[in-house]
Amino acid sequence: MEISAKYNPEGIEQKWYDQWISNKLFASTPDHRPSYTVVIPPPNVTGILHMGHMLNNSIQDILVRRARMLGYNACWVPGTDHASIATETKVVNKLKEEGISKDDITREEFLNHAFDWKDKFGGIILDQLKKLGCSCDWERTRFTMEPDLSEAVIDSFIDLHKRGYIYHGTRMINWDPVGKTALSDEEVNHEEQQAKLYYVKYKLENSDDFISIATTRPETIMGDTAVCVHPDDERYQKLIGTKCIVPLVNRAVPIIADDYIDLEFGTGALKVTPAHDINDYELGKRHNLATIDVFNEDATISEAAGVFVGEDRFKARKLAALELEKLGVLIKTEDITNKVGKSERSKAVIEPRLSAQWFVDMKKFMADYPEVLSEVMDDDIKFHPAKFKNTYNHWLTNIKDWCISRQLWWGHRIPAWYSPTGEIVIARTSAEALELFEDKSLQISDIKQDEDVLDTWFSSWLWPISVFNGFQESGKEELDYYYPTADLVTAPDIIFFWVARMIMAGHAFKGEKPFKNVYFTGIVRDKERRKMSKSLGNSPDPIKLMNHYGTDGVRMGLMLSAPAGNDILFDESLCEQGRNFCNKLWNSFRLIHGWKTTPQRNEYYKEYGDKAHDWMIAKISSVTEVVNQHFDNFRISDALMELYKLTRDEFSGWYLEMIKPTYGDPIPQKDLDKSIVMFDAILRLLHPFMPFITEELWQSITERNGAFINNQEWPSYETSSTPINDNVFQLISEIRAKRNENGISPKVSASIAMNDSNSAVYQSASGIIEKLANVESFDDEIENGFKVLVGTDEVNIGFKDFVQKIDVEAVKAKIKRLNSFLFGIEKKLGNEKFIANAKPEVIQREEQKKADTLSKIASLEGQLN
RNA sequence: GGGAGCUUAGCUCAGUUGGUUUAGAGCAUCUGCCUUACAAGCAGAGGGUCGUUGGUUCGAAUCCAACAGUUCCCA
């Protein structure tokens, strides 16, 4: 059958994926083999595939497929995350479009809508991962809100509470006034913005004098309960202990002193609003100040403020400034840049807010589980690249308590129950709760469950355990086999959200680390280093890319540009390079496949066939070794580049040319068989990177009877010397170069001559040189030939009717350069301290360099005479 | 404001303990080829005083210091 000259992935990808699945190639159950486990970073259940997922999951697939070939029982567990706040936001917006407000429906109604949404969009991303070729064990697909995993979340909450790590308390938290929920510190991003600094006069009590303060937030003036200065500030010494009048509300507040104050900023006097700033809150606690909350939960001005009630906070800021000006107490405004915290999800400006929430006591936790830090610092869990150890260390040593309650409905509802008197108990069910209350007269109808749900990450931190049902008795056996997992592949922006917390959960619930390696991928940007975003329109649609370039081409394009930890600058031309490479591979098969065979080996194959095969084996061997090392260091793009060069340059460029029969002639069966062995090894090495084309070609070589390439062995390597000297290839290149430089057609055959002393190396491969460089004879002497240096060997190349015109100036320039190089070596060798201090092999190397240089110079000088 | 990292060819990056590197790769560029597997290809070529300055050393892209530029994290 005729094979197309171009690789056409259409049809091929789906065909093999279906077969892999129907043959349960990716299914794993515990057995005698060592396990190799990867848990997928669960994408948002309603998310769709973007370039970050493409990168991340391609890497995981490469690792998993290779592990399978290395003989591990590879298990890649897929699944999705309910993504509490992200999904709830989407559902709220969708309902809004339908004219339904979340405030008007019940929790149950809302959850029905949310589950409808999840059923409609949930799992799209998993199908997209199949298109990418991901070799997940799909029968193990989990979802963080399914019953078993929910039970694990609730149990772990109860457990941690029992052990004193979870507490309920009123603290200053990050409040998202749009999502109307608390957020953890990690969900807040600080962004620089232009702002105004307002200088405002506060009248002193019983005096006509003023004290001036500077603030960026005049709308919170109504909540001021003090003015604070530095105790050493000479300007304000006399005022400490007196009172001043807060404008707009005319409240007398004390002037206090605290060395928290920055003498340089503004006027050196600070208005203190304990309800609306974390530092002011701390000041308030130290100085026993009142707390006046002037905001509602949507950050409109509250009744407590007394003025501007009901106005939005940003409008209130303008109104307050106007009013202050009208009162004549606004001295001036100044443009400054400051940083404001914004919600990662809703982008709303965060308000610090005093509120009752659930927290994990991280200080206590870290005191009890110091290995969470030390294990990473000691490389028990290895971070790739290692620079993230610093980030990790810094975060953990300054860790704050983790606010885990969210004022949302989509998520795991907190198992806390309240009695009418405010007693709180923690229990799975209302019935269990009832037994725990001290007041035994309470009825089920008297108690109420906490309305809030848990932070999404409070479920995903259990992922490496919970996907195996590790919290249930039924999962113990699997957990023992698959846990700890091998490698985690994830983006660096969730190092705190997820990576650190999985390590915590691993220790808290399993007493062991969750994984051995963490590979942090880069962030995918466009070629101008801009982040990919919807609004910029610079994010390609992965599905379209795969359709256009073939999945293997896209995977390869991504991997060629993805060194660990560096951002990857994605450019579609990389996919083109990937596609072209697929084509190269395709055509090398086409070549081999097209050969007719003969049982007889002619003179050429007798003499050179085995040399070529052994040379190729040695190349594959040494590249395999290097590739393995790259994998050990998670240098996946380097591994791919090695294989790219092996395939294109060594295999296609040199080896196939060496063993290719003359046009129309058959190839000896033995040599064809050998070439297929080589091709097979290359396909296996490439398979993790480009699963589809390698399967297609591997299956095309011969009938496989239901076997698949991913179940074949990863090539092993042995060090062997190559039977063909590198100088042979260099000589061939020199002959081609001379043709190129002088416009001599490849069809004009050449003859070569060289010194007897070095000719053996070339003589032993003379047939190969003749074949690849169109050389017709090895002569003793050639007149008017082109003299070239191969290493230090002088070779004379002759082409019929072509005479080398020696470029005297160029040769002289070369000699000059070599002489100055020689001068440097001689200087070094003449230096007594160098001879005394350098290692003998270093000195020997210099001696060798000197000898080589001298012989090169002699040869060039010979050309001038 | 605190911390970490980075700076090597036009671009993206390698360069492990200082000496086989008179600095490498891929892409891009240039030249010549539709040669019989592949023009989605082949054969060649050019291109960097390793951010700057100073120091340590027989020897520095590599170690140290300062400076400049840049990125990220935290507050």
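The chains referred to below are lettered A, B, ... by the order of the sequence lines, with proteins before strands, and numbering in each begins at 1.
- We find that CD of Glu576(A) is positioned 9 Å from P of A40(B), with the value rounded to whole Å.
- Using a cutoff of 4.0 Å between basic side-chain nitrogens and carboxylate oxygens, Arg217(A) and Glu351(A) are scored as salt-bridged.
- Rounded to whole Å, the distance from CG on Leu656(A) to P on C42(B) is 12 Å.
- Base-pair partner of C6(B): G69(B) (Watson-Crick or G-U wobble, both distances under 3.5 Å).
- Phosphate contact (OP1/OP2 of G19(B), side-chain N/O of Arg845(A), threshold under 4.0 Å): absent.
- Contact check, Lys660(A) against A37(B): a side-chain N or O comes under 4.0 Å of OP1 or OP2.
- When each of U22(B), A14(B), A75(B) is scored by its nearest atom to the side-chain atoms of Arg635(A), the top-ranked nucleotide is A14(B).
- For Asp258(A) and Arg286(A), the salt-bridge test passes: some basic side-chain N is under 4.0 Å from an acidic carboxylate O.
- For G41(B), the OP1/OP2 oxygens have a side-chain nitrogen or oxygen of Asn580(A) closer than 4.0 Å.
- We find that NZ of Lys596(A) is positioned 14 Å from C1' of U36(B), with the value rounded to whole Å.
- Residue Asn740(A) has its side chain nearest to A43(B) when only A43(B), A25(B), G19(B) are considered.
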message: Please evaluate residues Phe786(A) and Phe802(A) with respect to the criterion ring pair (Phe, Tyr, Trp, His ring centres under 6.0 Å), reporting the C-alpha separation (whole Å), side-chain torsions for both, the decisive distance (0.1 Å), and the verdict.
response: CA-CA 9 Å; Phe786(A) 296 81; Phe802(A) 287 93; 7.6 Å; no
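- Considering only the side chain of His394(A), C74(B) comes nearest among C74(B), G26(B), A4(B).
- No option in Phe388(A), Tyr519(A), Phe634(A), Phe520(A) other than Phe520(A) meets the ring-ring contact (aromatic ring centres under 6.0 Å, His included) test with Phe383(A).
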